[in-house]
Amino acid sequence: MTLPAAPGAEGVARRGELARNLAAIRVRVAAACQAAGREVGEITLVAVTKTRPAVDALALIGLGLTDFGENRDQEAAAKAAAVAETTPAAVSWHFIGQLQTNKAHSVVRYASVVHSVDRVRLVRALGAAARAAAAPRELSCLVQVSLDSDPSRGGVPVGEIPQVATAIEAEHGLTLGGMMAVAPLGVPPETAFASLRAISATVREINPAAAIISAGMSGDLEAAVRNGATHLRIGTALLGNRSLPVL
């Protein structure tokens with residue numbers, strides 16, 4: 001796939017916009033860490049580039065980011081391929097959306113982390129896909145936990161965490177990386193995220209090294225940091241509300 005060149009003046013302006021946004025996010029993260037008595041180095045920023053063009057990802061790579069999140073396989077696969085053709089930089093793609101089992105073989109070709117593992121059937125599909133890949137490797141999987149038990153939003157009820165976590169740990173080709181959660185609509189982030197550390201402890205009973213807590217987005221990152229998040233999924237605050245062609 002050939003990556004389209006960004007227009008000269010427009011491309012420069014966009015890179016400047018992204019740089020300013022990233023600087024503002026880093027200030028917020030630093031302040032949140034200081035308030036929580038944590039180190040900034042504990043936090044990984046995952047730039048959510050869904051619906052954004054690959055040139056935005058390339059600009060952010062140039063600004064020092066290495067982790068990118070996508071929620072649709074067709075878009076993510078094409079974007080990852082375009083970026084790989086254009087830069088030798090090491091990039092980690094995070095699949096953060098609800099995932100159908102029939103997309104597992106595609107996702108394992110480019111993703112390093114799947115945040116949205118919420119059922120044993122998906123675990124088995126990802127494991128089979130990882131083992132069948134042209135270049136077999138370990139795929140890190142996070143148990144997506146439902147904080148409000150709403151099935152339409154995806155996620156495992158808290159009581160089913162051990163079942164899914166154990167299945168990931170037992171599946172050759174997969175690594176249990178930790179957990180992921182989304183603050184439910186209408187619930188104050190501080191309330192929603194109050195249980196993150198306890199849920200993480202449940203996952204780490206299966207694998208003590210499964211320390212990732214993926215929680216927090218543009219509007220609630222401070223609450224997530226206060227409650228133990230290690231990975232922040234940042235979209236709007238970083239990339240803006242622009243309506244752009246994807247590639």
Side-chain angles (χ1 to χ4, degrees), residues 36 38 42-44 46 48 69-71 73 94-104 107-108 111-131 138-217 219-233:
R38 300 181 62 190
E42 299 175 35
I43 306 298
T44 297
V46 180
V48 179
E70 294 282 334
N71 71 343
D73 171 60
H94 298 241
F95 193 87
I96 62 175
Q98 290 181 282
L99 179 60
Q100 297 175 336
T101 56
N102 63 0
K103 298 293 186 180
V107 167
V108 301
S112 299
V113 188
V114 176
H115 290 229
S116 49
V117 180
D118 60 359
R119 58 200 186 280
V120 172
R121 184 165 173 256
L122 178 57
V123 171
R124 292 173 179 158
L126 287 168
R131 294 189 297 273
E138 290 288 315
L139 178 69
S140 181
C141 291
L142 311 185
V143 180
Q144 181 181 352
V145 179
S146 172
L147 298 178
D148 63 354
S149 300
D150 181 352
S152 69
R153 293 167 59 84
V156 180
V158 171
E160 296 178 19
I161 292 171
Q163 178 185 10
V164 176
T166 299
I168 294 170
E169 187 68 10
E171 193 74 23
H172 182 62
L174 306 183
T175 298
L176 178 62
M179 61 154 290
M180 184 268 263
V182 179
L185 296 173
V187 178
E190 197 69 42
T191 301
F193 292 148
S195 60
L196 289 181
R197 287 190 175 93
I199 293 170
S200 176
T202 299
V203 175
R204 285 184 282 109
E205 287 178 2
I206 309 301
N207 179 351
I212 293 175
I213 300 177
S214 170
M217 298 185 288
D220 57 21
L221 70 84
E222 287 84 1
V225 169
R226 282 193 295 273
N227 288 282
T230 64
H231 287 56
L232 304 174
R233 307 180 306 272

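In this chain, numbering begins with 1 at the start of the sequence shown. Below, each value reflects all heavy atoms present in this structure, side chains not excepted, and no hydrogens, waters or symmetry copies.
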**Item:** Minimum heavy-atom distance between C141 and L126, given as atom pair plus value
**Value:** SG-CD1, 4.1 Å
**side chain to side chain contact (heavy atoms under 4.5 Å, CB included) evaluation trace for V143 with L176** = CA-CA 8 Å; V143 180; L176 178 62; 4.0 Å; yes
**Prompt:** Under 3.5 Å, side chain of T230 to main-chain N/O of I212, donor-acceptor pair present?
**Reply:** no
**Nearest atoms (heavy-atom pairs only) where H115 meets S214** = ND1-OG, 2.9 Å
**Request:** Check whether more than 12 heavy atoms from other residues, nucleotides or ligands sit under 6.0 Å from atom CD of Q100, and answer yes or no.
**Result:** no
**Asked** Quick check: are there more than 12 heavy atoms from other residues, nucleotides or ligands sitting under 6.0 Å from CZ of R124?
**Response** no
**Request:** Considering only NZ, NE, NH1 and NH2 on the basic side and carboxylate oxygens on the acidic side, decide whether R119 and E160 come within less than 4.0 Å.
**Result:** no
**Message:** With rounding to the nearest 0.5 angstrom, report the NZ to CG distance, K103 to L122.
**Reply:** 13.5 Å
**Complete:** OG1 of T101 to CZ of R121, rounded to nearest 0.5 Å, is 4.0 Å
**Prompt:** Which distance, rounded to the nearest 0.5 Å, do you find between the CD of E190 and the CZ of R226?
**Reply:** 4.5 Å
**Request:** Please report the shortest heavy-atom distance between G173 and A130, naming the atom on each side.
**Result:** O-CB, 3.7 Å
**Request:** Identify the two heavy atoms, one from F193 and one from L147, that lie closest to each other, and give their separation to 0.1 Å.
**Result:** CD2-CD1, 4.2 Å
**Distance, nearest 0.5 Å, that separates CE of M179 from CZ of R204** = 10.5 Å
**Item:** Chi angles and distances behind the side chain to side chain contact (heavy atoms under 4.5 Å, CB included) call for M180, V114
**Value:** CA-CA 10 Å; M180 184 268 263; V114 176; over 6 Å; no
**Request:** Carefully, step by step, assess V156 and Q163 under the rule side chain to side chain contact (heavy atoms under 4.5 Å, CB included).
**Result:** CA-CA 10 Å; V156 180; Q163 178 185 10; over 6 Å; no
**Nearest atoms (heavy-atom pairs only) where L232 meets A215** = CD2-O, 3.2 Å
**Complete:** Closest heavy-atom pair, I161 versus V145, reported as atoms and distance to 0.1 Å, is CD1-CG2, 3.8 Å
**Prompt:** Does R233 use its side chain to pair, donor to acceptor, with the backbone of G69 at less than 3.5 Å?
**Reply:** no
**Asked** So, does T166 use its side chain to make a donor-acceptor pair with the main chain of P162 at under 3.5 Å?
**Response** yes
**Fill in**
The reported gap from NE2 in H94 to CG in L142 (rounded to nearest 0.5 angstrom) is 9.0 Å
**Message:** Run the side chain to side chain contact (heavy atoms under 4.5 Å, CB included) test on V164 and Q144 for me, step by step, so that the C-alpha distance in whole Å, both residues' side-chain angles and the decisive distance to 0.1 Å come before the verdict.
**Reply:** CA-CA 9 Å; V164 176; Q144 181 181 352; over 6 Å; no
**Asked** What distance separates I213 CD1 from N227 CG, expressed to the nearest 0.5 Å?
**Response** 9.0 Å
